[in-house]
Amino acid sequence: MTETDSDGTRSSRRSRQEGPEPAAVDLRRVGANPDFWYPVALSRKVRRGRVIAATFAGERIALYRGKSGTVHALEDRCAHRQVPLSMGVVEGEVLRCCYHAWAYRGDGRISQIPYLSKGDGRPPRGVRGYPVREAYGMVFVFPGDPQKAPDVPLPLLPAFASPRYRTMTFSRTVRCHYSFMHENLLDMNHQFLHRGVVGKLHPELLGYETSARSVEARYLFTHTGGKRNRGAGLLAAEGFSGRDSADVMTIRTEYPYQTLDLVPENADHPAFRLWAVYVPEDAEQRTCHAYGLLMIEKPGIPGALNLAWPLIRRFTERVFAEDRMAVEAEQRAWDEQGEDRNHEIFPLILDVRDVLRSNGVPLRHRPTACARADGDLSMPASDHCATE
């Protein structure tokens, strides 16, 4: 819940509280909701006729591109001996296990068992097939309830296809719970961390709004001194002259994705737009893969962005490296303490924590061994066994 202050600033009623946030479920023990589309690979990594391994929250996934160019996503294990299908061979539109050559269609059903005689018993189904779509140069899978997939839209990114913008793609593993990444981008009060590349930046929170699935904050950024990296100015559309401007930055967590738009002073559209998502990799979700699309406005001078591209890339990589250093340190502290002991005082971050908690799911602890009572090989072992 938010309210409007007398100066027009949107702020949370939490701001009247003092001390640590109230007792609640530890956010670092909350899993990402699987009922959304998540990228698990860059499209260019899944070449025609090849298979690669991917993961979502401890679920191993085999991605392969058939002869037609269509990408398929299967549970990464053969129903026969559990050998990873990502070690297999693509033949046309099927994926064949490298061990005994069992072949699977794109939906996970068994296509062929080469040595099976007529009358021999067959496995009831095969392995799990995931809904899969390609967009924005990435392969998205729907790891949740497949019946929900048709009704859940992919993120809408009109700037990606706009001739006004050129896109820079990021794909990096970060050793932290995905929630630390949401907090890092939303809380722009950490600019001291980047003082070596952006100089002295003063972020002023103009206001924010919170709903059941989102938090959106608006900041006014002014440069108050210090040396500023050339790539930062080029990204903010200040040109090679390096003139300073007051920029308005809008950051939004719309579960489970995050966006950032920067509009320079006197401009009517963003100089750049960032879309990001943090996909958990391990079952305990202490590691995530950050996928980002940075859509940068092309300047009026032809070829200028090509010249600026290496400078912008180096700048963004350095900022990301500093952010990664900080969030991984936060995760290490959590691991050492066994709980979240930080005392957050920024109402905006308290609100985004509530959004992440309420939209997330409890983490499932995978048993080390169990028996499958119903014989259905299409479901992961964790769906057949009692959890800890």
Side-chain angles (χ1 to χ4, degrees), residues 20-21 26-30 32 168 170-205 208 215 217 219 221 223-224 226-229 231-232 235-236 247 249-253 256-260 262 272 274-282 284-294 312-357 360:
E21 62 180 300
D26 189 336
L27 176 57
R28 321 310 172 186
R29 300 184 189 275
V30 175
M168 185 178 289
F170 297 89
S171 173
R172 297 286 187 276
T173 294
V174 187
R175 294 185 296 275
C176 74
H177 189 267
Y178 63 89
S179 61
F180 288 116
M181 299 296 287
H182 281 270
E183 295 177 16
N184 171 266
L185 191 62
L186 264 174
D187 188 351
M188 282 292 157
N189 294 306
H190 75 272
Q191 293 311 305
F192 184 75
L193 177 67
H194 305 305
R195 60 196 180 278
V197 284
V198 298
K200 295 180 180 179
L201 277 183
H202 174 66
E204 176 188 351
L205 181 64
Y208 74 93
V215 176
Y219 292 89
F221 271 85
H223 185 232
T224 59
K227 186 177 180 180
R228 191 176 190 184
N229 182 281
L235 183 58
D247 306 321
M249 183 178 288
T250 302
I251 310 165
R252 182 178 181 86
T253 286
Y257 314 119
Q258 202 164 35
T259 59
L260 183 154
L262 183 135
F272 69 84
L274 173 68
W275 175 88
V277 63
Y278 319 111
V279 183
E281 292 189 335
D282 57 315
E284 293 186 337
Q285 303 195 19
R286 295 184 188 180
T287 298
C288 66
H289 198 98
Y291 290 92
L293 299 172
L294 181 61
I312 294 174
R313 168 66 80 170
R314 283 196 293 270
F315 163 71
T316 55
E317 292 284 5
R318 184 170 173 184
V319 169
F320 183 82
E322 292 175 345
D323 284 333
R324 178 162 56 185
M325 174 189 67
V327 295
E328 289 183 348
E330 289 186 278
Q331 181 65 61
R332 287 195 301 273
W334 189 95
D335 292 339
E336 292 164 1
Q337 296 164 353
E339 61 182 354
D340 197 344
R341 295 185 185 176
N342 71 57
H343 290 224
E344 184 54 61
I345 60 172
F346 195 19
L348 171 64
I349 298 305
L350 297 177
D351 277 8
V352 78
R353 288 182 179 180
D354 281 347
V355 168
L356 296 175
R357 279 194 195 94

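Along the sequence shown, residues are numbered consecutively beginning with 1.
For the atom pair CE (Met249) and CG (Leu201), the distance works out to 8.5 Å, reported to the nearest 0.5 Å. We find the OG1-CG distance between Thr287 and Asp282 to be 4.5 Å, quoted to the nearest 0.5 Å. Taken to the nearest 0.5 Å, the NE2 atom of His182 stands 11.0 Å off from the CD1 atom of Ile349. Between atom CG of residue Leu260 and atom CG of residue Leu262 there is a gap of 7.0 Å, rounded to the nearest 0.5 Å. Atom CD of Gln331 is separated from atom CZ of Arg324 by 14.5 Å, given to the nearest 0.5 angstrom. Here CD of Glu183 is found 11.5 Å from CG of Leu185. Values are rounded to the nearest 0.5 Å.
A 4.5 Å side-chain heavy-atom check between Leu356 and Ser179 finds at least one atom pair inside the cut-off. Residues Leu350 and Phe346 form no side-chain contact, since every pair of their non-hydrogen atoms from C-beta on lies 4.5 Å or further apart. Two residues are said to be in side-chain contact when any heavy atoms from C-beta on lie closer than 4.5 Å; Phe180 and Leu27 fail this criterion.
Gln258 and Thr253 share a side-chain donor-acceptor pair at under 3.5 Å.
Applying the salt bridge (charged side-chain N to carboxylate O under 4.0 Å, His left out) criterion to Arg332, with sequence neighbours excluded, gives no partner residue. Taking Asp335 as the reference, Arg286 meet the salt bridge (charged side-chain N to carboxylate O under 4.0 Å, His left out) condition, with sequence neighbours excluded. The side chain to side chain contact (heavy atoms under 4.5 Å, CB included) test applied to Asp26 returns Arg28, Arg29, Trp334, Glu339, Asp340, not counting sequence neighbours. Scanning for side chain to side chain contact (heavy atoms under 4.5 Å, CB included) contacts around Ala276 gives Tyr278, with sequence neighbours left out. Legend: residues meeting side chain to side chain contact (heavy atoms under 4.5 Å, CB included) with Thr259, ordered by chain and number and at least two apart, are Arg252, Trp275. Residues passing the side-chain hydrogen bond (donor to acceptor under 3.5 Å, both in side chains) test with Glu322 are His194, sequence neighbours excluded. Pro280 is linked by a side chain to side chain contact (heavy atoms under 4.5 Å, CB included) to Ala32, Phe56, Ala57, Gln285, counting only residues two or more places apart in sequence or in another chain. Scanning for side-chain hydrogen bond (donor to acceptor under 3.5 Å, both in side chains) contacts around Arg175 gives Glu328, with sequence neighbours left out.
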Can you check ring pair (Phe, Tyr, Trp, His ring centres under 6.0 Å) on Tyr291 and His289, steps first, answer last?
CA-CA 6 Å; Tyr291 290 92; His289 198 98; 4.5 Å; yes
Please report the C-alpha distance between Cys288 and Val174 in whole Å, then the side-chain angles of each, then the deciding distance to 0.1 Å, and finally whether the side chain to side chain contact (heavy atoms under 4.5 Å, CB included) criterion is met.
CA-CA 5 Å; Cys288 66; Val174 187; 4.2 Å; yes
Under the side chain to side chain contact (heavy atoms under 4.5 Å, CB included) criterion, do His190 and Asp323 qualify, and how do the steps go?
CA-CA 9 Å; His190 75 272; Asp323 284 333; 3.2 Å; yes
What do the steps show when you test Val197 against Val319 for side chain to side chain contact (heavy atoms under 4.5 Å, CB included), and what is the final call?
CA-CA 8 Å; Val197 284; Val319 169; 4.0 Å; yes
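Both cation-pi conditions hold for Arg313 and Phe170: the charged atom is under 6.0 angstrom from the six-membered ring centre and inside a 45 degree cone around its axis. Figure legend: cation-pi geometry between Arg318 and Phe315 absent, as NZ or CZ is not positioned both under 6.0 Å from the six-membered ring centre and within 45° of its axis.
When all heavy atoms are compared, the tightest approach of Pro256 to Val277 is O-CG2, 3.9 Å. When every heavy atom of Gly360 is checked against every heavy atom of Val30, the shortest pair comes out as CA-CG1, 3.7 Å.
Exactly one of Thr250, Leu348, Ile251 qualifies for a side chain to side chain contact (heavy atoms under 4.5 Å, CB included) with Tyr208. That residue is Leu348.
A donor-acceptor pair under 3.5 Å is absent between the side-chain atoms of Asp247 and the main chain of Phe221, judged by distance alone. Between the side chain of Tyr219 and the backbone N or O of Met188, at least one donor-acceptor pair lies under 3.5 Å.
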